Amino acid sequence: MGQKIQAVKGMNDLLPVAQKDFKLTAALWQAFEEVVAAWTKSYGYSQIRTPIVEQTGLFVRSIGEETDVVGKEMYTFADSNDKLSLSLRPEGTASCLRAVVEHNLLYNNAQKLWYMGPMFRRERPQKGRYRQFHQVGVEALGFAGPDVDAELIAMSADLWNRLGIRQYLTLEINSLGNKEERITHRAALVDYLQQHVDILDEDSKRRMHTNPLRVLDTKNPALQTMAEGAPRLVDFLGEESLSHYRTLKAMLDGLGIAYVENPRLVRGLDYYNLTVFEWTTEKLGAQATVCGGGRYNGLIEELGGKPTPSIGFALGIERLLLLVQEFGQLAVNEVPDVYVLHQGEGTSLTAMKHAASLRASGLNIYVHCGDQSLKAQLKKADSSGAAIAMIIGEQEQSDETITLKNLRSHEQKTVEAKMALSLIQDWKKA
Ligand code: ATP
Ligand code: MG
């Protein structure tokens with residue numbers, strides 16, 4: 001026997017059953033995907049699917065060289081033929097915009113798009129943090145807002161409602177203003193950080209020069225007081241940025257969507273401006289952010305397209321489903337309506353034919369395969385959870401009848417084959 005090979009650390013199999021350290025099942029995931037498809041459709045967003053591998057330069061240019069994601073978390077390798085540097089995508093926005101620019105999808109100025117799929121980041125694996133994880137992303141391209149900012153936030157809130165977890169999530173919002181405002185604030189912030197340089201940790205000292213806003217995002221408890229006293233970006237915003245932010249807040253109020261203003265919310269990717277937001281929960285321990293997004297008005301131009309104000313968000317499917325599985329409502333039903341048993345010469349073919357015609361009427365039918373005693377088959381029918389067993393023996397086969405057994409009431413009836421459907425439907429209703 002060969003040695004067993006294991007999955008790559010931080011990358012999970014999605015099985016029909018829960019695993020010890022990864023409880024999500026493929027059935028729950030599939031039910032979620034169906035909700036997502038209906039939800040995006042109900043807002044008029046179209047799906048886009050892009051490759052998992054892209055040129056490394058795409059992410060360096062869009063996400064930013066100094067970010068953790070590009071600086072140390074990407075799976076990057078040289079394509080063996082032409083030495084081109086390639087990377088597994090660490091997020092979806094860059095690929096989405098690359099495709100939009102490449103195929104000139106913005107010829108009539110706007111697109112509302114969504115995507116779903118695996119992303120890759122070489123982080124330390126733990127509950128809610130994986131190396132292959134999955135996101136659903138929504139992007140509204142060609143809209144200056146703030147109405148579309150409100151639509152996207154409301155759309156995310158609606159998804160939480162559909163999944164029954166709205167009450168476990170808190171919305172945090174902030175405005176990052178425009179580039180000039182950030183530059184003025186940055187100077188004041190660097191000044192302030194210089195004054196506190198003796199207490200900064202190594203990460204913060206490095207970020208002070210590369211990306212000082214992120215110092216305020218520090219999780220280090222020793223730096224909290226320093227961070228709280230730092231110059232706040234909102235105080236540097238001009239009238240245009242403030243008015244965008246005010247209108248967004250008024251629309252959220254009008255839609256009945258509660259939010260917390262967090263002036264230190266900056267997000268991990270470099271491309272954001274104006275509106276940023278996150279949905280967090282207290283139910284998942286340290287991995288508290290389930291969804292994050294914001295406006296990225298300069299990004300499409302950065303990627304070679306024409307200037308296009310845009311906004312989007314991405315949610316982490318694993319984190320969301322961990323929450324849904326424990327606290328939400330998402331109907332998962334893999335139980336067949338009818339379990340079909342058979343015994344005797346030629347009955348297995350007859351069973352398959354009956355099953356096919358019942359399936360054509362919309363029922364889910366599990367057909368037993370292989371030779372086993374009826375008693376053993378009935379046991380399996382019971383443990384399948386099906387409410388009804390259909391039995392086809394040699395007698396039924398020659399009489400063109402079928403026997404139905406109600407596994408709940410134990411009632412048993414033999415009827416003409418063509419009457420099977422109506423009896424099954426009666427029993428299902430009862
Ligand atoms: P975090 O602060 O938790 O690292 P992030 O700011 O890096 O999150 P984004 O890049 O904004 O995350 O991605 C959007 C969402 O994707 C996150 O809110 C989270 O739910 C999910 N996510 C990000 N990284 C991971 C990961 N390694 N494993 C599982 N989910 C992730
Ligand atoms: Mg991260």
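Nothing here was measured: the structure is a model prediction, and the numbers come from that model. Only heavy atoms go into these numbers, but all of them, side chains included; no hydrogens, no water, no symmetry mates. First listed ligand is number 1; within each ligand, the first listed atom is number 1.
Residue pairs meeting the ring pair (Phe, Tyr, Trp, His ring centres under 6.0 Å) criterion with at least one partner in residues 160-179, sequence neighbours excluded, are Trp160-Trp279, Tyr168-Phe327. The ring pair (Phe, Tyr, Trp, His ring centres under 6.0 Å) analysis of residues 284-305, with sequence neighbours excluded, yields the pairs Tyr271-Tyr296.
Side-chain atoms of Thr93 and Glu139 include a donor-acceptor pair closer than 3.5 Å. Counted by atom type alone, Ser87 and Thr76 present one or more donor-acceptor pairs between their side chains at under 3.5 Å.
Within the set Arg131, Arg129, Glu278, the minimum heavy-atom distance to atom 4 (O) of ligand 1 is found for Arg129. The closest non-hydrogen atom to atom 10 (O) of ligand 1, taken over Glu91, Arg121, Lys127, comes from Arg121. Looking at Arg122, Gln135, Arg319, Gln132, it is Gln135 that brings a heavy atom closest to atom 15 (C) of ligand 1.
Below 30°, between 30° and 60°, or above 60°: for His368 and Tyr339 the angle between ring planes is between 30° and 60°, a tilted geometry.
Contact annotation: Gln287 has no heavy atom less than 4.0 Å from any atom of ligand 1. Heavy atoms of Glu318 stay at 4.0 angstrom or farther from ligand 1.
A salt bridge links Arg162 and Asp158; the closest N-O separation between the charged side-chain nitrogens and carboxylate oxygens is under 4.0 Å.
For ligand 1, the atoms sitting less than 4.0 Å from at least one non-hydrogen atom of Thr289 are 17 (C), 18 (O), 19 (C), 20 (O), numbered in the order shown with element in parentheses. When each atom of ligand 1 is checked for a heavy atom of Ala314 under 4.0 Å away, the hits are 14 (C), 15 (C).
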